[in-house]
Amino acid sequence: MNAPQDKQAAKAADKSPKPPGVINPRSLIFKFLVRILPPLLVGILLFMLVLAHFARRDIMDKIDTDVGIFATATTRVLDGLFWSYQTEEMVSALATISSNPAMLGAEIYDQDGELFLSYGITPEDLAGRLKTQWRDIYRRMPDGSRVDMGRLAIHYTYTFAEKRFRQEFLWRIIQFLLIISVTLTGAAYAFSRTVSRPLKALLTAIHTTGETGRWTEADWQSDDEIGEVINAHNDMLRHIARKEAALADSEKRYRQLFENALVGIYLVRPDGRAIEANKTVADILGFDSTDQVSKINVLNHYVAPGERDMLWDILNKNGKVSRYRIQMRRLDGTVIWVELSGRLTPDRTFNGIVQDITEQVEAERAMEERDELHRAFFEENKAVMLLHDPLDSTIQFVNPAACQYYGYTNEEMTSMTIRQLDCMTDEELYRELKEAAEERRGYFKQVHTLRDDTRRDVEVFTGPVSLGHRQLHYSIVHDVTEKRRLEARLQRMATRDQLTGAHNRHAFFQRAKNELARAKRFAHPLSVLMFDLDHFKEVNDSHGHAIGDEVLRTFALRCRAEFRQNDVFARMGGEEFAALLVETSAEQAVEAAERFRSVAASRPIPTDVGDLTVTVSIGVASLDDEDSINDLLKRADEALYKAKQAGRNSMVRL
């Protein structure tokens with residue numbers, strides 16, 4: 001029974017401060033030393049052993065090399081001494097081995113292998129512990145031949161070098177251990193000053209926060225990582241404090257929003273009991289306060305009891321409901337339409353909002369009736385009616401009259417664009433739009449193509465119309481093909497000579513006035529030709545007026561074929577014609593007149609009475625700065641008169 005208390009006491013004892021000089025086994029520094037020292041010492045020892053091995057190998061290799069160099073150099077000295085048998089000098093040469101403590105003795109053997117001279121320790125003295133290097137002693141003769149005299153043996157050992165190496169290695173280990181001890185001591189002190197103290201301050205602040213419930217900041221300032229951690233802790237506490245204040249403020253604002261919201265917000269149980277509701281819910285149901293709402297059962301306010309079951313079926317299936325419309329009864333018995341939206345909470349209560357939409361429902365019903373009226377007007381109207389999108393010209397709606405007129409089904413037409421019906425080019429369409437704006441017409445003159453490729457002239461009345469949130473254009477199309485044909489016929493009758501098809505006198509003067517103004521404005525040349533058929537009265541008198549008419553008609557057709565499209569050719573009366581040549585100089589007009597004269601003279605006109613050659617006289621006049629059209633015609637007429645006086649079938653220019 002006392003075990004938990006004993007554990008708490010042990011924890012308290014662990015947390016109690018230790019006397020100076022005592023390391024707490026639970027402290028970070030103790031754990032750090034326990035964890036770092038063994039692997040560190042093992043690692044250093046292994047490193048030292050590897051280093052010692054390679055150092056020992058290097059020392060031995062150096063001794064071998066030095067002995068080899070000494071032996072080679074000594075044989076160079078001994079060859080001369082051995083040749084002359086200078087024994088004392090040879091002993092002196094061998095005595096130089098004392099300069100290297102590793103070399104203990106030397107022996108000289110003659111060429112028969114017999115020992116000749118010995119110095120120092122021999123292998124028999126230290127059997128098995130000496131190393132020996134051999135060198136041949138020989139003399140090089142003048143003729144280049146070699147004379148072998150014996151061999152030199154140098155005896156040496158590693159004992160002295162290994163002893164010195166062990167001493168140095170032990171001293172190095174002691175130095176490393178001292179360095180490690182000093183480093184760890186300094187690290188422990190630095191760790192205590194830079195880590196333990198700030199962590200204790202942080203732990204104290206955390207304990208104070210846990211005991212008092214007040215956010216307590218750690219009293220420590222430093223610019224290292226621990227300081228950053230403590231600053232982050234203090235910043236977190238300040239952030240939490242701000243969040244708590246913001247949460248309290250948010251809760252206050254939420255309460256204000258809840259109470260002052262213009263939509264009803266409520267929370268009800270599945271049995272219909274209201275848990276909470278705001279003032280708007282009370283107003284919708286006709287109560288004076290929210291306290292009254294919390295005492296009612298919402299089930300009593302459903303007009304149709306089955307609506308409640310349908311609503312909860314949706315909630316149980318989907319977990320939410322959106323814009324669900326039902327009828328409810330207010331406290332005074334008034335029936336209203338409301339719209340519900342909300343979700344089921346984890347405890348199976350319904351949290352939602354409610355809005356009184358009685359006026360909206362009535363407005364929607366009125367709009368539906370109006371839409372039905374508009375739909376009937378659109379669909380039953382005998383006029384061709386289209387609705388299209390102005391952004392991409394796609395046809396959105398058509399009435400039956402449009403389908404019947406164009407020959408397409410409703411689905412086909414609503415998959416087309418308005419430009420597929422209109423066969424006008426962009427340039428023609430732009431010109432028509434411009435003319436309609438200038439003439440202030442409320443319709444556009446267009447040409448539409450039916451399904452059978454028939455082209456019909458139409459007048460299109462177009463304007464904007466709003467359909468929900470969409471902005472469309474409506475078009476009412478009237479077929480004016482027969483009207484346009486009649487207008488064209490009347491226009492031709494008003495501007496054309498009925499016999500020859502050339503312009504009449506009135507049309508000539510209208511066109512000539514415009515061309516004259518344009519020529520003067522842009523300083524372009526302009527010329528007039530006056531034609532008169534020679535002896536035409538004799539043709540009428542000899543062959544009759546029908547033949548004369550045929551001659552006039554053929555002459556006019558030939559002239560119209562020779563003139564350009566912009567030139568104006570007209571019958572001024574009887575057998576007299578005039579031509580207005582735009583942008584034509586006097587020289588060019590003379591060339592044209594001569595061409596017409598020669599064509600008339602060289603090409604007989606076929607008639608019922610045979611081919612008739614009818615020549616023509618031509619007068620030419622060109623525009624001067626102050627000329628009017630009458631001035632031009634007058635000069636051309638004078639030139640024509642002179643051409644006739646000159647014998648006809650000629651051309652004169654004034």
Side-chain angles (χ1 to χ4, degrees), residues 41-180:
L41 292 175
V42 172
I44 291 175
L45 181 59
L46 291 176
F47 174 74
M48 294 293 292
L49 290 175
V50 173
L51 186 63
H53 172 73
F54 286 104
R56 182 174 177 274
R57 289 289 303 273
D58 290 341
I59 291 173
M60 292 180 178
D61 292 341
K62 186 175 185 306
I63 291 174
D64 292 339
T65 302
D66 292 343
V67 171
I69 294 173
F70 177 80
T72 301
T74 303
T75 57
R76 298 293 181 269
V77 176
L78 292 177
D79 61 350
L81 298 177
F82 202 18
W83 181 264
S84 59
Y85 291 98
Q86 298 180 23
T87 306
E88 293 181 1
E89 295 298 332
M90 293 172 63
V91 172
S92 299
L94 294 179
T96 57
I97 64 175
S98 59
S99 61
N100 190 334
M103 292 185 291
L104 302 180
E107 294 177 329
I108 298 177
Y109 293 86
D110 58 17
Q111 58 184 356
D112 296 328
E114 299 294 333
L115 178 63
F116 176 75
L117 186 63
S118 174
Y119 180 87
I121 298 174
T122 62
E124 289 76 8
D125 297 328
L126 296 172
R129 298 179 60 187
L130 293 180
K131 303 289 184 179
T132 302
Q133 286 199 28
W134 295 86
R135 292 291 187 274
D136 293 332
I137 301 174
Y138 60 90
R139 185 173 182 82
R140 184 71 65 184
M141 303 306 292
D143 59 357
S145 61
R146 169 176 166 171
V147 178
D148 292 326
M149 294 181 290
R151 298 187 72 191
L152 172 66
I154 302 295
H155 306 297
Y156 62 98
T157 182
Y158 300 141
T159 303
F160 300 102
E162 288 180 346
K163 182 178 179 181
R164 184 178 177 183
F165 170 75
R166 284 192 295 271
Q167 292 175 351
E168 290 182 359
F169 180 69
L170 181 60
W171 173 241
R172 291 297 178 92
I173 290 178
I174 294 173
Q175 287 180 331
F176 269 107
L177 291 177
L178 288 175
I179 292 173
I180 291 173

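Model, not experiment: these values are computed from the prediction.
Rounding to the nearest 0.5 Å gives a distance of 10.5 Å between CG of D136 and OG1 of T72. Here M149 contributes atom CE and D110 contributes atom CG; the two are 11.5 Å apart, rounded to the nearest 0.5 Å. The line from CD1 of I174 to CD1 of I179 is 12.0 Å long, rounded to the nearest 0.5 Å. We find the CG-CZ distance between D61 and R57 to be 6.0 Å, quoted to the nearest 0.5 Å. Interatomic distance, I137 CD1 to Q111 CD, rounded to the nearest 0.5 Å: 11.5 Å. Atoms CZ and CG, from R151 and L115 in turn, are 13.5 Å apart once rounded to the nearest 0.5 Å.
In this structure, T74 contributes its side chain and F70 its backbone to a donor-acceptor pair below 3.5 Å. Remark: side-chain polar atoms of D112 are not paired, donor with acceptor, to backbone N or O of E114 under 3.5 angstrom.
In this structure, R146 places its CZ atom where more than 12 heavy-atom neighbours from other residues, nucleotides or ligands lie under 6.0 Å away. Heavy-atom neighbours of E88 CD from other residues, nucleotides or ligands within 6.0 Å: at or below the threshold of 12.
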May I have the step-by-step check of side-chain contact (heavy atoms from CB on, under 4.5 Å) for L78 and L94, ending in yes or no? CA-CA 9 Å; L78 292 177; L94 294 179; 4.2 Å; yes
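Looking at heavy atoms from C-beta onward, M90 lies out of side-chain contact with Y119 at the 4.5 angstrom threshold. Within the 4.5 Å cutoff, the side chain of D64 has heavy atoms near those of the Y156 side chain.
A salt bridge does not link D58 with K62: every distance from a Lys NZ or Arg NE/NH1/NH2 to an Asp or Glu carboxylate oxygen is 4.0 Å or more.
When every heavy atom of V147 is checked against every heavy atom of M141, the shortest pair comes out as CG2-CG, 3.5 Å. Minimum interatomic distance between A102 and I63 (heavy atoms only, all atoms of both residues): CB-CG2, 3.9 Å. The two residues R135 and A71 make their nearest non-hydrogen contact at CG-CB, 3.5 Å. E107 and S118 make their closest contact through CG-OG, 3.9 Å (heavy atoms, listed as atom of the first residue, atom of the second, distance).
F176 and F47 have perpendicular rings, their planes meeting at more than 60° on a 0 to 90° scale where under 30° would count as parallel.
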